[in-house]
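Since this is a predicted model, take the numbers as computed values, not measurements.
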Amino acid sequence: MRITYYVHDLSFPLVEGVRQQAWMLASAMQKQGHQVTIISTSSKKNNRRTMVKEGITIRYGNPFSISKCKTDLLHYISHPSPLIIPLLYRAKAKRQIMTMYDGALNGFWKRWWDFITSSLVEKKVDTVTLQTDFQRKILQKTRLKKMPLREIPPLIPLFKRTAKREKDPTLLFMSHLSKYKGIEEVLLSFSQARKEIKNLRLVICNSHIQKNKYHGLLKKMNKGDIIIKEKVNSQEELSKAWLYLYPIRKAQETFSIPLSLIEASQVGTPYISTAVGAIPEYFPEEYLVTSGNAPELSQRIVELLSQKKHDLKLKKRIDNKNTIAEFLKLYQNNH
């Protein structure tokens, strides 16, 4: 089978959930013996360029230049957006699938262009796939509510502990320094928790930290117990941390099932996130706090650091073999 994946932004190394899913799914299908191509409307530096990586052809271009596509299966790793309109009009595909990974579906139904894009998706796309009940409830309120829908878990990276835990208790924040990612709650809760926990440290990993407005605040409150890192190996950082913090404020523009929480549990590092979006569907209540509540986050930090054992099992099972098998059935139209 000829399988073509569309993803808006595909650049290497893979540091973001949607890119990871597109590449992992493409690689899995290639290993199944299918002929796989990826097309992308990525950055200008890649425009009108073709590359082959690990046997998979990746073709970059503007929306119109990549729209001349002939394939058996066209799989959009995307929400309905103007970037895929040329593909929806021009692509020659026997079957078309769309998968949305954003926790709140990117709010696509609120955009001015939704009437056009959703109408085309209804006509051209056979099935939409999501990962969570939370997303399903959102989709049922949009123009795509009558479309065939499948709930298929994401593919998950397989992590193992690669380093010893730090000697001193260490908190890890590994995300964009955005209020929506909970950086303000992290800083406020750390200021309180370090009064109660001896030698507590905070490690912040962000490749653009020098350009962020929070850089000055970090510098001001640092007492030698805040370590700032740029590009890191996330598997190693999660292995060394005592507690991973991901207290997001909203589901939109975050991955539907935060993969970093799964990665933390794989290496045996407890985490704290928020009861936002679909997170409560997969992660135990013990590790979730109220969004935007720094005092509650601080209290939970102290509680979890005092515990010697943690049950980090997911509430719903995710298995890569099952996910691949589900997509194969969908591609072959075997419901």
Inset, instruction - Find out whether the Lys NZ or Arg CZ of R165 is both under 6.0 angstrom from the six-membered ring centre of W242 and within 45° of the ring's axis. - result: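 Cation-pi check for R165 and W242: passes.
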Legend entry - Pairs satisfying ring pair (Phe, Tyr, Trp, His ring centres under 6.0 Å), at least one member in residues 117-175, at least two apart: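 Pairs touching residues 117-175 that pass the test: none.
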I'd like to know if [Y] and [X] are part of one continuous hydrophobic network [Ile/Leu/Val/Met/Phe/Trp/Tyr, side-chain heavy atoms within less than 4.5 Å].
{"X": "I257", "Y": "Y180", "value": "no"}
{"X": "I85", "Y": "M98", "value": "yes"}
{"X": "I279", "Y": "I156", "value": "yes"}
{"X": "L238", "Y": "V186", "value": "yes"}
{"X": "L25", "Y": "Y6", "value": "no"}

Heavy-atom check, side chain of [X] versus side chain of [Y], under 4.5 Å:
{"X": "C205", "Y": "L172", "value": "yes"}
{"X": "T269", "Y": "R161", "value": "yes"}
{"X": "H75", "Y": "L330", "value": "no"}
{"X": "S81", "Y": "F108", "value": "no"}
{"X": "K198", "Y": "D168", "value": "no"}

Legend entry - Residue list, ring-ring contact (aromatic ring centres under 6.0 Å, His included) with Y244, at least two apart or on another chain: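 Partners of Y244 under the ring-ring contact (aromatic ring centres under 6.0 Å, His included) test: none.
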Which atom names give the shortest non-hydrogen contact between [X] and [Y], and what distance separates them?
{"X": "I84", "Y": "S78", "answer": "CG2-OG, 4.1 Å"}
{"X": "S256", "Y": "A278", "answer": "O-CB, 3.9 Å"}
{"X": "N106", "Y": "H79", "answer": "OD1-ND1, 3.2 Å"}
{"X": "Q30", "Y": "E54", "answer": "NE2-O, 3.2 Å"}
{"X": "T127", "Y": "R150", "answer": "CG2-CG, 3.9 Å"}

Any side-chain donor-acceptor pair under 3.5 Å between [X] and [Y]?
{"X": "T129", "Y": "T99", "value": "yes"}
{"X": "Q235", "Y": "T162", "value": "no"}
{"X": "Y76", "Y": "Q96", "value": "yes"}
{"X": "R143", "Y": "S119", "value": "no"}

Inset, instruction - Answer yes or no: is there an ion pair linking K146 with E122, defined by an N-O contact shorter than 4.0 Å? - result: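 Salt bridge: no.
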Inset, instruction - For a side chain to side chain contact (heavy atoms under 4.5 Å, CB included) with H34, tell me which candidate from L328, L73, D72 qualifies. - result: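 Looking at L328, L73, D72, the match for H34 under the side chain to side chain contact (heavy atoms under 4.5 Å, CB included) is L328.
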Inset, instruction - Inspect the surroundings of CD in E166 and state if more than 12 heavy atoms from other residues, nucleotides or ligands are less than 6.0 Å away. - result: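 Check passes, neighbour count above 12.
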Inset, instruction - Please check if the side chain of E281 supplies one atom and the backbone of D133 the other of a donor-acceptor pair under 3.5 Å. - result: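 Side chain of E281 to backbone of D133: a pair is present.
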Legend entry - R59 side chain vs S65 backbone, donor-acceptor pair below 3.5 Å: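 Such a contact is found between R59 side chain and S65 backbone.
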Inset, instruction - With sequence neighbours left out, write down each residue that passes salt bridge (Lys or Arg N to Asp or Glu O under 4.0 Å) with E303, or none if nothing qualifies. - result: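 E303 satisfies salt bridge (Lys or Arg N to Asp or Glu O under 4.0 Å) with R300 only.
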